[in-house]
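Below is one structure; the comments refer to it alone.
Below, chain A is the first sequence line, B the second, and so on; all start at residue 1. Side-chain atoms are counted along with the backbone in the values below, which use heavy atoms only and exclude waters and symmetry mates.
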Protein chains: 2
Amino acid sequence: MTTVKDIAAAVGVSVATVSNVLNGRPNVGRVIRHKVLRAAKRLGYQPNRAAQAMRTGRTRAIGLVLPDLTNPFFPELAQAVENTARNLGLLVCLVDSQGRAEGEADGFALLMQHAVDGIIWCPVGPRLPPYLHDATPPVVLIDRPRPGFPVVHSDYLMGGRLLADYALRMGHRCVGLLSGPQNLASARQRRDGFVEAFPRDITVAWEVSVGFDGILNAEALKALKRRGKATLIVAGNDLIAISAMRCLVESGIRVPEDVSITGFDNIRWTDVVTPRLTTIAQPVGAIGAKAVQLMQARMSGEKIASGRTIFDVTLVERDSVRRN
Amino acid sequence: MTTVKDIAAAVGVSVATVSNVLNGRPNVGRVIRHKVLRAAKRLGYQPNRAAQAMRTGRTRAIGLVLPDLTNPFFPELAQAVENTARNLGLLVCLVDSQGRAEGEADGFALLMQHAVDGIIWCPVGPRLPPYLHDATPPVVLIDRPRPGFPVVHSDYLMGGRLLADYALRMGHRCVGLLSGPQNLASARQRRDGFVEAFPRDITVAWEVSVGFDGILNAEALKALKRRGKATLIVAGNDLIAISAMRCLVESGIRVPEDVSITGFDNIRWTDVVTPRLTTIAQPVGAIGAKAVQLMQARMSGEKIASGRTIFDVTLVERDSVRRN
DNA sequence: TCGGATTAGTAAAACGTTACACTAGAGGCA
DNA sequence: TGCCTCTAGTGTAACGTTTTACTAATCCGA
């Protein structure tokens, strides 16, 4: 690897001057500036980030801590984060906690050792772990708000309302709720947005809460089989909806002929299951990009509000809901 | 952040001694060793990786360069890589090239600047880019062999053969091939394994090659619609198979009543589409873990062969193939 | 022409760690 | 006792970069 020293030697100036040129400082003349730049290019100079990091305390790397790459929401997010980060010259260090707080803590420790400049984080568990004290680099949360931190996520209440409006419009008056984990605000708001948008028209025949990974518990299975008067099942996300559909058809219940169903997230697979799933689309790419931008702003010293950045969602009407 | 200096001051020894203790060197007595260790714990010492990197030239970080996180094979792989890396104390730096050689080159440059100790890589494009010269850190390829590099992947020939055996057993004698991109060995071998396992029994009614992302081109669409005498469609991977199924049912062709179909990869969604897809399962987690282990071996100086590590695959029989 | 301000460039310290070369003392042995 | 070998520990240079404090030269205005 060529270093500033090599460039300095090649051009015949001091390393300080090389550094000054490379960092765009004004105190160096045109001709030497050009010489240095050309030598740098010719020698294929790549800055040694470790040395820079040691001197400046900034690594130009950020952490991305996710609970579960297996949920298709997250790869899409990761892709967006990585790409916009790369365009800013930031390296993305990945931690997949597999939903375990312990793994998350380990990953965090690793990120701290490597002194990442910031962390984009979708936390597991209801509260922030204790290792988040003042010395920690800036954190931007994704999807799961915690007091004191900026967070970016979709307008889940709006999503719930859109679904409610749509359900109403399609003539459904009695629904079953297969909500996500109610300790997560994102799941709660989807549900609440839906429920609150029906002043009194609605009847909730039953409500069961399951994990976002779409693994249905016994209670959910039971609710699906004898589904009461519900003509529409509102699932907490697409994974849940798809699992539920699978379970229904296996019990000989047809979708949407016998019962309608909606999802949330608009993952790729909503379009290939049968019937294609009606759902709410989140702008995942925009969310990831925004998180990186916030991060970058905080890293470069701007004081950004520790509030929320919320993205609109849209209804994607497909084939899993029929008029009642 | 506490440094070795702080520990040295706290215990009353030199920084050299602290370093010696922390690195498990033998030249320090029991009592001081314990004192240092306790002080380190008490002060919450975390080594400064940047400083270590500068001194030793090793960062304890590895790069993971993938073509497309949107293909479910890769998140699963990434999860496995990240987890086994983390257990070895290695940080994973992610690059998603989105299938573009340019993005891959950018990501590579970033990884080089950060001086990762090794790169686990699933390359796009048929040949290795020019920036791979001798100074590069050790590379372990995933899934796509290139001369001179170790690679770990599944036994695609075996997968093809398993499918051929199965097709034969189920009475199919005429197939359509919806192969993956034939410039990729992984796609080619799946196809060849299949074709070669039928000495002369088989008839290949038609063959079209499409991308692994499952986006069907016009030729593929046409082949699917008038499918000739083929009673079985052998798709290059699950994404292709699922797209094809979707296309077939939209044309009023029933699966598997009118035509059978198989996939490859056994991604999660093979189990939720209708009908559930018969496919070949790859041990993705094992592949990821093995890649990290090879990497680690090479990093610690072991000379590993630049050959192949190949994993057995298995047939997962579900509902998309019917007896002919 | 004087002297202050500006411009162009440099020397060297510092970041936190490791590793080499070294020393002081203890122990062993003839 | 004298000499050699261990053991336990230390001092310090070095890694590549940035940055502060500094100098030398030039410029400008009066």
Between [atom2] on [N] and [atom1] on [X], what's the gap in Å once rounded to a whole number?
X	N	atom1	atom2	result
Ile7(B)	dT18(C)	CD1	P	10 Å
Leu22(B)	dG16(C)	CG	P	15 Å
Arg58(A)	dG16(D)	CZ	P	23 Å
Asn27(A)	dA5(C)	CG	C1'	16 Å
Arg30(A)	dA8(C)	CZ	P	9 Å
Lys5(A)	dA11(C)	NZ	P	13 Å
Arg33(B)	dA8(D)	CZ	P	9 Å
Asn23(B)	dT17(C)	CG	P	10 Å

- [ ] Could you tell me whether Trp121(A) and Phe108(A) have their ring centroids closer than 6.0 angstrom?
- [x]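 Yes, the ring centres sit under 6.0 Å apart.
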Nearest to the side chain of [X], heavy atoms from C-beta on, is which of [options]?
X	options	value
Thr17(B)	dT17(D), dG16(C), dG9(D)	dG9(D)
Ala51(A)	dT17(C), dT17(D), dG11(D)	dT17(D)
Val28(A)	dG9(C), dG11(D), dA11(C)	dG9(C)
Gln52(B)	dT10(D), dG16(D), dT17(C)	dT17(C)
Val15(A)	dT18(C), dG16(D), dA12(C)	dA12(C)
Ala16(A)	dT17(C), dA11(C), dT10(D)	dA11(C)
Arg55(B)	dG9(C), dG16(C), dT18(C)	dT18(C)
Asn20(B)	dT17(D), dT10(D), dC15(C)	dT10(D)

TODO: Could you walk me through whether Gln98(A) and Asn83(B) pass the side-chain hydrogen bond (donor to acceptor under 3.5 Å, both in side chains) test, one step at a time?
DONE: CA-CA 9 Å; Gln98(A) 307 227 34; Asn83(B) 274 272; 3.2 Å; yes
TODO: Look at Thr3(A) and dG16(D) and indicate whether a side-chain polar atom (N or O) is within less than 4.0 Å of OP1 or OP2.
DONE: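 Result: no.
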TODO: Ignoring backbone atoms, establish whether Arg25(A) has a side-chain N or O less than 4.0 Å from OP1 or OP2 of dA8(C).
DONE: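 It does not, given that no N or O in the side chain of Arg25(A) lies less than 4.0 Å from OP1 or OP2 of dA8(C).
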Open item on the list: Any base atoms under 4.0 Å from Ser19(A), or only sugar-phosphate, or nothing? Heavy atoms, all strands.
Closed with: base
- [ ] Indicate yes or no: does Arg100(A) engage Glu104(A) in a salt bridge with an N to O separation below 4.0 Å.
- [x]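 Salt bridge absent between Arg100(A) and Glu104(A).
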Open item on the list: Under 3.5 Å, is there a donor on one side chain and an acceptor on the other for Arg55(B) and Gln52(B)?
Closed with: no
Open item on the list: Is it the case that the side chain of Asp117(A) and the backbone of Arg60(A) share a donor-acceptor pair, with hydrogens and angles ignored and the cut-off at 3.5 Å?
Closed with: yes
